[in-house]
Amino acid sequence: MTQDLSNWTIDDSAQLYGIPDWGRGFFGVNSAGEMTVEIDGTKGPVQVSLMEIVAGLEQRGYDMPIVLRIENLLQSRIVYLNETFRGAIAAAGYQGRYRGVFPVKVNQQCQIIEEICRFGAPYQHGLEAGSKAELVLALANLTPGGLLVLNGYKDREFIDLGLWAHKLGHPCFFVIESPAELELLIERSHQLNVRPHIGARIKISTQVSGMWTETSGDRSSFGLSSTQLLAMVETLQAAEMIDCLEMLHCHLGSQIPCLEDIGRGVEEACRYYINLCREGAPMGYLDLGGGLAVDYSGRCSGDGHSRNYSLEDYCQAIVTTIAATLDNTGIAHPHIVTESGRATVAYSSMLLFNILDVMHFEADPLPQPFPANEAEILQEQHRFFTTLNGHDYHQAVILRDRMRQQFRDGQLSLRQRTLGENLFLATAQKVVATARQSGLSSPQISELQDALADIYYGNFSVFQSLPDTWAIDQLLPVAPLHRHDQRPTREAILSDLTCDCDGKLDQFIVGGELRKTLPLHAFSPGENYYVGAFLMGAYQETLGDLHNLFGDTHVASVRINEEGGYDLIEEISGDTIGEILSYVEYSPSVLFDRMRKEAEQAVREQRLTVTERQQFLTLFGDNLSGYPYYRG
Ligand SMILES: *Cc1c(COP(=O)(O)O)cnc(C)c1O
């Protein structure tokens, strides 16, 4: 392919990778063609090149891959969420307040939770916990005055810990998801002499579209049916605890792409809220759960990778819907709680990795002239190739398969098979080139095009760092960190280091379209070529697994400063091979000891010298304490 640099601009590149669309002003490209992270400084916007950060981290001894967290982006999201709700509340003359909580399950990492509590402190941004482990960390991090919302199945230990949180003065809400839980809560709160704040989680029958359709509706595994809710009210009335019922909770699902669905869900929730007030509950809080979507594709559309609304639209829809539904009922506007996880943390983290190698699917030059005495099948393939002038390549596939069969039958040599494969590739390329010239496109042609795409090998593990791209086909924006001043001339999918054919990224947003291949720059081994997977701060870190024993990557957290530089705030070394082996119950010292004995035996039998023994043991030890990813 020809390299055409003359009419390629940095803007073209930014558009191609959709950076202004999904980047939301947080990411850009500078005049050197490098991706930047951008923040609003007090004296105007500040930009820092991601390549500059990569270089700084490498100088400090960190190899790729690295999860990079930008503290400012997390802060900016929390401020934006709270301020936008405040704005919508003020504009509508709404009487309640916004009380945000962060659902811990979306990213439990210590540094993230600490930062959320710190940046959220001016807004009393609270935490939501769905298990005992999450409650333990939430309780020990909670900002004074921040709500503590408890979801999930609760046993006695869970409930007791929550009741003690209440005694300590934290506004702790027990969200009841099942009738059995309520009995236990009533019993334990009598024992500990606490009047708990109680919430009722209801199943909303409004079914939402998007990737989590199952979480909503009648068959959702969470929440009370209307029958169970009524029973809960009666139980609380009988126990003279109806005054403890203060919150209605619902969670429509995650990543809800359509604002209309959210509006209908809120309306239904309000009806329940009104009825609970009429049953004598004081209420006061309406918790609408998560669901605020991230525009991963940047397309602002109602599909599962995007959303058809802005944060302003979201806040305004919630505030005005509640107000409109409650007005004329004589019931005061509740405080609005949301549990936005994804939208809070997705932007702040990205996975940075380098490219190690490329596999091309390109024909080598064919022998000229084509040997007349070649095997008949190869002659046929060659004839088809030379006479082809359309785009019907069906016959080429038949000939290739026949050629492969003859190889299996022992009639063709390795050299002949290679020539046959090459003839097929040459034919496929000719088909694609002809179709491109005539502006023709069909599903078959694009399939063929995808099959001819390069495979770029990246230094990362999908299963460890981007598990949702594998498990639920999550789309994440991916782009090179540099060379945006050059036209990308290759089409590629990205393969990771695992020996698993699912270890790949093959879904991209390119020029606003969903595609199976990503344009990348030509690469030759030994070169430095860096790529980023963005918006990966939500759910990925603790869902990741040890497939092929690739462990946690290094994590670096930086703060962009006013001077246009960055401060390294925190560095967390990734798992060493020894650490990973201990997760699967090996003892690194036992392994080392075994090798030492074996090496000593080899010395005794004169297969190794003592110096060689030491060389080998040093190598073995270095591997045990080393990074499992590829090191150049
Ligand atoms: C997962 C979850 C959330 C977070 O949802 P996002 O879509 O990430 O904002 C909030 N509340 C509950 C109850 C959840 O289970």
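Remember, it's a predicted structure, so these values are computed and weren't measured experimentally. We use all heavy atoms of the structure for the numbers below, so side chains are in, but hydrogens, waters and symmetry mates are not. Atoms within a ligand are numbered from 1 in the order they appear, just like the ligands themselves.
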Is the closest side-chain heavy-atom distance between K154 and L185 below 4.5 Å?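 No. Closest side-chain heavy atoms not under 4.5 Å.
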Just by modelled atom types, is the [Y] backbone N or O under 3.5 Å from a matching donor or acceptor in the [X] side chain?
{"X": "Y285", "Y": "G199", "answer": "no"}
{"X": "S461", "Y": "F463", "answer": "yes"}
{"X": "T36", "Y": "V48", "answer": "no"}

Atom indices of ligand 1, in the order listed, that fall short of 4.0 Å to a heavy atom of [X]:
{"X": "R201", "answer": "13 (C)"}
{"X": "N151", "answer": "13 (C)"}
{"X": "S340", "answer": "9 (O)"}
{"X": "G341", "answer": "6 (P), 8 (O), 9 (O)"}
{"X": "Q255", "answer": "7 (O)"}
{"X": "G291", "answer": "5 (O), 6 (P), 7 (O), 9 (O)"}

Looking at Y296 versus H305, is the centre-to-centre ring distance below 6.0 Å?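 Ring centres of H305 and Y296 not closer than 6.0 Å.
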Less than 6.0 Å separating the ring centroids of W22 and Y17?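 They do not qualify: ring centres at least 6.0 Å apart.
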Stepwise, does the ring-ring contact (aromatic ring centres under 6.0 Å, His included) test hold for F550 with Y629? CA-CA 7 Å; F550 289 104; Y629 295 91; 5.2 Å; yes
Starting from atom 8 (O) of ligand 1, what is the nearest protein heavy atom, named by residue and atom, and what distance separates them?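 For atom 8 (O) of ligand 1, the nearest protein heavy atom is Y539 OH, 2.6 Å.
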Atom 2 (C) of ligand 1: the protein heavy-atom neighbour that sits closest, reported with distance to 0.1 Å: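 Minimum-distance protein heavy atom for atom 2 (C) of ligand 1 reads K105 NZ, 2.3 Å.
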Give yes or no for whether the N/O distance cutoff of 3.5 Å, strictly under, is met between [X] and ligand 1.
{"X": "A343", "value": "no"}
{"X": "E339", "value": "yes"}
{"X": "R342", "value": "yes"}

Could you see which bit of E177 sits under 4.0 Å from ligand 1, with heavy atoms only: side chain, backbone, both or neither?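 No part of E177 is near ligand 1 at this cut-off.
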With backbone taken as N, CA, C and O and side chain as the heavy atoms from C-beta onward, which portion of S254 lies under 4.0 Å from ligand 1: side chain, backbone, both, or neither?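 For S254, the contact with ligand 1 is made by both the backbone and the side chain.
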With a 4.0 Å cut-off, would you call D506 and K516 a salt bridge?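 Not counted as a salt bridge, because no side-chain N and carboxylate O are separated by less than 4.0 Å.
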Tell me which donor-acceptor pairs under 3.5 Å the side chains of residues 71-78 have, and how far apart each pair is, sequence neighbours excluded?
residue : atom : partner : partner atom : Å
E71     : OE1  : R559    : NH1          : 2.7
N72     : OD1  : I560    : N            : 2.8
N72     : ND2  : I560    : O            : 2.9
Q75     : OE1  : R559    : NH1          : 3.4
Q75     : OE1  : R559    : NH2          : 2.7
R77     : NE   : A343    : O            : 2.9
R77     : NH2  : A343    : O            : 3.3

